[in-house]
Amino acid sequence: MDIDLQYKAVNKRGRVEWIEIEIELELVSSLRPEGLIIEEWQVKQYRPFVHGIRDCIGRDLTEDELSTIAWLATYEQSTVDKIMGVIRAAYEHGKNEKN
């Protein structure tokens, strides 16, 4: 499944925002009445993060997992890279254990 983002608007801080179309309705809550909104700078971290995790776990992510990844994508790229490194290491360890 590809990540489908739709342009929303420029927010009060002057940053472009995107809405995750596939999970928008699932992530609607009283805290997020519009669904999952991601600033443009986060998209550059969010997309590869989601794809990398999907590749490692071999399945689509749940709405809760995608919401957590969107939150983690607000951190510095080095932090996201370290988290992805731990996930990849766990994946490699699991692959090696099966052999």
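Just so you know, these numbers use all the heavy atoms, side chains as well, and skip hydrogens, waters and symmetry mates.
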Partner residues of Asn11 under the side-chain contact (heavy atoms from CB on, under 4.5 Å) criterion, sequence neighbours left out: Arg13, Arg15, Glu17, Glu39

Spacing of [atom1] belonging to [X] relative to [atom2] belonging to [Y], to within rounding of 0.5 Å:
X: Glu97; Y: His93; atom1: CD; atom2: NE2; answer: 4.0 Å
X: Ile69; Y: Gln45; atom1: CD1; atom2: CD; answer: 12.5 Å
X: Asp60; Y: Arg54; atom1: CG; atom2: CZ; answer: 5.0 Å
X: Phe49; Y: Leu66; atom1: CZ; atom2: CG; answer: 11.0 Å

Side chain proximity check, Met84 to Cys56, heavy atoms < 4.5 angstrom: yes

Side-chain heavy-atom pair Leu72, Tyr46 within 4.5 angstrom cut-off: no

Pair Glu65 + Arg59, salt bridge at N-O below 4.0 Å: yes

Check: Thr79 side chain, Tyr75 main-chain N or O, donor-acceptor pair, under 3.5 Å: no

Polar side-chain atom of Glu92 near backbone of Ile87 as donor-acceptor pair, under 3.5 Å: no

Gln77 and Asp81: side chain donor to acceptor below 3.5 Å: yes

Shared hydrophobic cluster for Tyr91 and Ile83 (ILVMFWY, side-chain gaps under 4.5 Å): no

